[in-house]
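Because the structure is predicted, anything quoted here is derived from the model rather than measured. Below, chain A is the first sequence line, B the second, and so on; all start at residue 1.
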Amino acid sequence: MGALSKNLFEKFTYSSSIVKGQRHALEPGFVPDRLPHREEEAEQLAEILSPSLKNFKPSNIIIFGKPGVGKTSVVKFVEAEISKAIQSRLDVKIKLIDVNCGIVDNPYGVLVAVGDGLLESWEEKLPFTGWPLDKLYSTVLDKIKSFGGIAIIILDEIDRLVKKNGDSVLYQLLRINEVTNEGRVCILGISNDLRFTEYLDPRVKSRLIEETMVFNPYNASQIYDILRDRSLYAGIADSIDESAMKTCAALAAQEHGDARRAIDMLRIAVELTEKSNELRILDDTIYEAKKKLERDVVVETVSTLPLHSKLLLFSISLIDEIKNGVSSTMGEFYDLYEKVAERMSIGSLTQRRVADIIGELTNLGLIDSKVQSFGRYGRTTTVSLNYDSSKIKDILLSDELLSQLKDVKPMQKSLPDS
DNA sequence: CATCCACTGGAATACCGGGTTC
DNA sequence: GAACCCGGTATTCCAGTGGATG
């Protein structure tokens, strides 16, 4: 250890020569009080929700749009405005209830979230498991009644909820307005998927979707404006090259106009610049940040995989190494996976389950897979790695449990049979 | 057009955390 | 407090299905 510093945290709290404003303006979850290129949408949403300020139930609404196009930001912004507007008014009763269906994606959880959102301070929270659904539903209903105002339920990533569980919860929530008049429910859904309504029962669909808003992806110049704005919040505008900002916007625009990604890239560029004690953010820094961001995403997704997914991925990358990138078949990697599992003395999963895990890994973008028919010789899924097998293996082997597989070498023949 | 391999949808089972009943 | 109810999640079990090649 070096010389004792004045304070352990000193080096983490230093005031940066680059960031002269609010650092968290570049972090995910920051809700700005300006929304460049989303002013109209914010206004439109406010208009749709405005009846609530006169104690009328606003229309239910679904907001569609790809990731990073400002859906959540606009909603959060409008939520904050509503809160401000009703702050000193006793004549309106509005509750805003946020539910992130990416996290709570089951009917029980959603009902609990709604119930807890209506909780008075002295009341106890609902149990997160245990109750029969109908009892849970009727207590939530009672809470709405006793609240007596308008509950605006914001279901972020509503498409996930519906894809996984169907529309039963939505049906129940919508039904509240028919069962009682002593409290009303308004649903505001946010969806990444334009087609999720296909999963809905027509009756639910027509009641849920009274209004629709579609957020289009940002183009490069709009992302540029957003970055410019954020850099003002963060106080980094002086330290960033004009062309670097343009590059950052252009790169993000290429990928579905995702502003979140652009901001992530900018944040990482700032961090890189600070680390290297540079004073200006240049084009190169942005490219470097882009690479780091991609690398980080892979490390993050791979290292948080469940054990069996990791073992499977390990087997796939071994085979990839043997066959030099040529895709492998279910038979091949399943056999190897079984042996790897045996070596770690844990039971292996069924082929059925493995097929599903392959699907999950494919959705994560780690591998590519497709079913291929070889006619007389049957049908199978073939998979290929999307990343360098040695990189994937490195990440996997850094897992404590998998480290015992370090010595497993790819060989031409598979491991000796039992 | 039969055949082969395993894909695939769905029902069944096991287990978990937690409430409820007696 | 043991035994049972409840919903969620992970996995297995089963049987029906797909599709190009030989």
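Whole-Å rounding puts the A/L305 CG to C/dA10 P distance at 13 Å. For the pair A/H308 NE2 and C/dT11 P, the computed distance is 6 Å after rounding to whole Å. A/D356 places its CG atom 15 Å from the C1' atom of B/dA11, with the value rounded to the nearest Å. Rounded to a whole Å, the CG atom of A/L161 is 11 Å from the P atom of C/dG8. Residue A/L126 contributes atom CG, which lies 17 Å from atom C1' of C/dG8 at whole-angstrom precision.
Side-chain proximity of A/R376 to B/dT20, C/dG22, C/dG8: nearest is C/dG22. Looking at the side chain of A/R353, the nearest of the listed nucleotides B/dC7, C/dT12, C/dG8 is C/dT12. In this structure, the nucleotide among B/dT20, B/dA6, C/dG22 sitting nearest to the side chain of A/Y377 is C/dG22. When distances run from any side-chain atom of A/T350 to the nucleotides C/dT12, B/dC7, B/dT3, the shortest one goes to C/dT12. Of all nucleotides listed (C/dT11, C/dG8, C/dT9), C/dG8 comes nearest to the side chain of A/P107. For A/P132, taking side-chain heavy atoms from C-beta onward, the closest of the listed nucleotides C/dG7, C/dT9, B/dC7 is C/dG7.
Contact annotation: the side chain of A/S327 never approaches that of A/V383 to less than 4.5 Å [non-hydrogen atoms, C-beta and beyond].
For C/dG18, the base has a donor-acceptor partner in the side chain of A/R379 [N/O atoms by modelled type, under 3.5 angstrom]. The base of B/dG9 lies close enough to the side chain of A/R352 for a donor and an acceptor atom to sit less than 3.5 Å apart. Judged by atom type and distance alone, A/T129 reaches the base of B/dG17 through a side-chain donor-acceptor pair under 3.5 Å.
Ring centroid separation for the pair A/Y233 and A/F30 comes in under the 6.0 Å cut-off.
At B/dC7, one or more side-chain N or O atoms of A/T381 fall inside 4.0 Å of OP1 or OP2 (strictly under the cut-off). Not one side-chain nitrogen or oxygen of A/K164 sits closer than 4.0 Å to the OP1 or OP2 atom of C/dG8. For A/K135, no side-chain nitrogen or oxygen approaches OP1 or OP2 of C/dC5 to under 4.0 Å. The side chain of A/W131 places no N or O atom within less than 4.0 Å of a non-bridging phosphate oxygen (OP1 or OP2) of B/dG18. In terms of phosphate contacts, A/N106 brings no side-chain nitrogen or oxygen within less than 4.0 Å of OP1 or OP2 of C/dG7.
As judged by a 4.0 angstrom heavy-atom cut-off over every strand, A/Q351 is placed among residues touching the sugar-phosphate backbone only. Residue contacts shown for A/K370 are absent, as no nucleic acid heavy atom lies under 4.0 Å away. A/S348 comes within 4.0 angstrom of the backbone, heavy atoms only, and of no base.
Between A/F64 and A/F196, the angle of the ring planes lies from 30° to 60°, which puts this pair in the tilted group.
Looking at A/K66 and A/D258, no side-chain N of the basic residue comes within less than 4.0 Å of a carboxylate O on the acidic one, giving no salt bridge.
Two residues, A/F128 and A/M330, neighbour DNA chain B, and the one matched to the more 5' nucleotide by heavy-atom proximity is A/M330.
The side chain to side chain donor-acceptor pair (under 3.5 Å) contacts involving residues 146-157 of chain A comprise A/T72-A/D156, A/E157-A/R160, where partners must be two or more places apart or lie in separate chains.
When all heavy atoms of A/N55 and A/V92 are compared, the pair lying nearest together is OD1-CA, 3.6 Å.
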